[in-house]
Protein chains: 2
Amino acid sequence: MAVNTQFSIAVHIMAGLAYRCDQETTSTNLAMSVNTSPSFVRRVLSKLSKAGLVQTATGKAGACWLAKDAKDISLLDIYEAVDAPKAFSIHNYTEQKGCTVSCHIKAALDNALNKTQKAMEASLDDISLAQIVSDVKKK
Amino acid sequence: MAVNTQFSIAVHIMAGLAYRCDQETTSTNLAMSVNTSPSFVRRVLSKLSKAGLVQTATGKAGACWLAKDAKDISLLDIYEAVDAPKAFSIHNYTEQKGCTVSCHIKAALDNALNKTQKAMEASLDDISLAQIVSDVKKK
DNA sequence: ATAACTGTTACTATAATAGTAACAGTTAAG
DNA sequence: CTTAACTGTTACTATTATAGTAACAGTTAT
């Protein structure tokens, strides 16, 4: 699939870290759960780490763990950390001079995107990682 | 770009039809405004037509026009008509038996997606095509 | 010194998408 | 009744974002 699933994978990784918060966790552990390569996991972990959501230790016995309590991490934090795609994307044409619609549609679409993006982010902000882990355990 | 912009293009097309609602409009006219090929425009138009948002006439002097007033068409109608991508997409792994997170994360992510998708759609439903056209004219 | 990890870069393969071309079907007009 | 100019659709190609892999430098416990 050439569809962006980094956000989804990032949530999976974070849920894994939250679920086994008592244990040492390596990129290989996480890769097995996600069913991808340790390298790919580390690439996502790197973004999460730069965003201050996870901490890591290098060297032998290197590992990763959550930087904060799962209830203090929202899906929006994760969404922003991995720079996931916007609610929709605006096409990238060259404006047709003399055509009002062609020249101004981008600004109108930007307005609409801003509004929709805000709604989407508010919803993500309302879901905590702890909630996800709770769902995972419950089912 | 391998990023889905059909929704954005569909809104552009619909805005074009709404803007010049008094004139006959062909796929070639619209293609010039969008800066793409008439074929591509017709492919999008076909979806909009099947969704009952535009009407078309075939034959010589064939044309397209809005099926309803622009104020009675929301961006959500257009979003659904072109079957645009969801708020985010869930990765497609094979479950790792014996790993609770791996087995149940999909259900948890589905919950989250449903909620976020609803928020996004409510926002799109709140923006009418007439609003877009008004923005286009104003600027 | 070695083993086992992270962090990062470079590379390949895949698949979604844009974009194009072609053509059958339709209809107005001469 | 032939022609021109559309729509509607399918098949095809090129592009490019993404997943996924491999490799290796840097780090640290043993």
Worksheet item: If we call it a pair only when both distances are under 3.5 Å in a Watson-Crick or G-U wobble match, what pairs with dA22(C)?
Response: dT9(D)

Discussion item. Rounding to an integer number of Å, can you tell me how far Asn92(A) CG sits from dA17(D) C1'?
Written reply: 14 Å

Fill in: Under-4.0 Å side-chain N/O to phosphate OP1/OP2 contact, Ser37(B) with dA18(C)
no

Item to complete: Name the nucleic acid region contacted by Ser49(B), choosing base, sugar-phosphate or nothing; use a 4.0 angstrom heavy-atom cut-off, strictly under.
Response: nothing

Worksheet entry | Nearest listed nucleotide, side chain of Thr56(B), among dT18(D), dT7(D), dG19(C) | dT7(D)

Item to complete: Grab the NZ-C1' distance between Lys60(A) and dT30(D) for me, whole Å please.
Response: 5 Å

Practice prompt. Please tell me which of the listed nucleotides, dT8(C), dA18(C), dA4(C), lies nearest to the side chain of Gln6(B)?
Written response: dA18(C)

Worksheet item: With a 3.5 Å cut-off and no angle check, do the side chains of Ser123(A) and Asp126(A) form a donor-acceptor pair?
Response: no

Fill in: Sub-4.5 Å side-chain heavy-atom contact between Phe7(B) and Ile9(B)
no

Discussion item. Measure OH/Tyr93(A) against P/dG19(C) and give the value in whole Å, please.
Written reply: 13 Å

Worksheet item: Do Val34(A) and His91(B) have side chains that get closer than 4.5 Å, going by heavy atoms?
Response: yes

Practice prompt. Would you mind telling me which residue lines up with the more 5' stretch of DNA chain C, Pro85(B) or Phe40(B), judged by nearest nucleotide?
Written response: Pro85(B)

Practice prompt. Rounded to the nearest angstrom, tell me the gap between atom CE in Met32(B) and atom P in dC6(D).
Written response: 12 Å

Discussion item. I'd like to know if Ser39(B) reaches the base of dA22(C) with its side chain such that a donor and an acceptor end up less than 3.5 angstrom apart.
Written reply: yes

Worksheet item: Does a side-chain N or O from Asn4(B) land closer than 4.0 Å to OP1 or OP2 of dA16(C), or not?
Response: no

Item to complete: Tell me what Ser27(A) touches on the nucleic acid: a base, only sugar-phosphate, or nothing, going by heavy atoms under 4.0 Å.
Response: sugar-phosphate

Worksheet entry | Spacing between Lys47(B) atom NZ and dT9(D) atom P, to the nearest angstrom | 12 Å

Worksheet entry | Between P of dT17(C) and CG of Asp83(B), the distance in whole Å | 10 Å

Discussion item. Given the structure, check if the side chain of Arg43(A) and the base of dT21(D) hold any donor-acceptor pair shorter than 3.5 Å.
Written reply: yes

Discussion item. Within the 4.0 Å heavy-atom criterion, would you say Gly62(B) contacts the bases, only the backbone, or no part of the nucleic acid?
Written reply: sugar-phosphate

Discussion item. Using a 4.0 Å heavy-atom cut-off, does Lys50(A) contact any base of the nucleic acid, only the sugar-phosphate backbone, or nothing at all?
Written reply: sugar-phosphate

Worksheet item: Are the side chain of Gln117(B) and the backbone of Ala87(B) linked by a donor-acceptor contact shorter than 3.5 Å?
Response: yes

Worksheet item: Do Glu80(A) and Glu121(A) touch side chain to side chain, with heavy atoms closer than 4.5 Å?
Response: yes

Worksheet item: With a 4.5 Å heavy-atom cut-off, do Ser39(A) and Arg42(A) have their side chains touching?
Response: yes

Discussion item. Reading DNA chain D from 5' onward, which residue's closest nucleotide shows up sooner: Asn35(A) or Ala61(B)?
Written reply: Ala61(B)

Item to complete: May I ask you to say what Thr26(A) touches in the nucleic acid, namely base, sugar-phosphate or nothing, with a heavy-atom cut-off under 4.0 Å?
Response: sugar-phosphate

Response to the item:
Whole-Å distance, His91(A) NE2 to dT15(D) C1', equals 18 Å

Worksheet item: How many Å lie between CD on Glu24(B) and P on dT7(D), as a whole number?
Response: 10 Å

Worksheet item: Do any side-chain nitrogens or oxygens of Thr5(A) fall under 4.0 Å of OP1 or OP2 in dA19(D)?
Response: yes

Worksheet item: Can you tell which of dT9(D), dT20(C), dG7(C) lies closest to the side chain of Arg42(A)?
Response: dG7(C)

Item to complete: Check whether any side-chain nitrogen or oxygen of Ser46(A) sits under 4.0 Å from OP1 or OP2 of dT8(C), and answer yes or no.
Response: yes

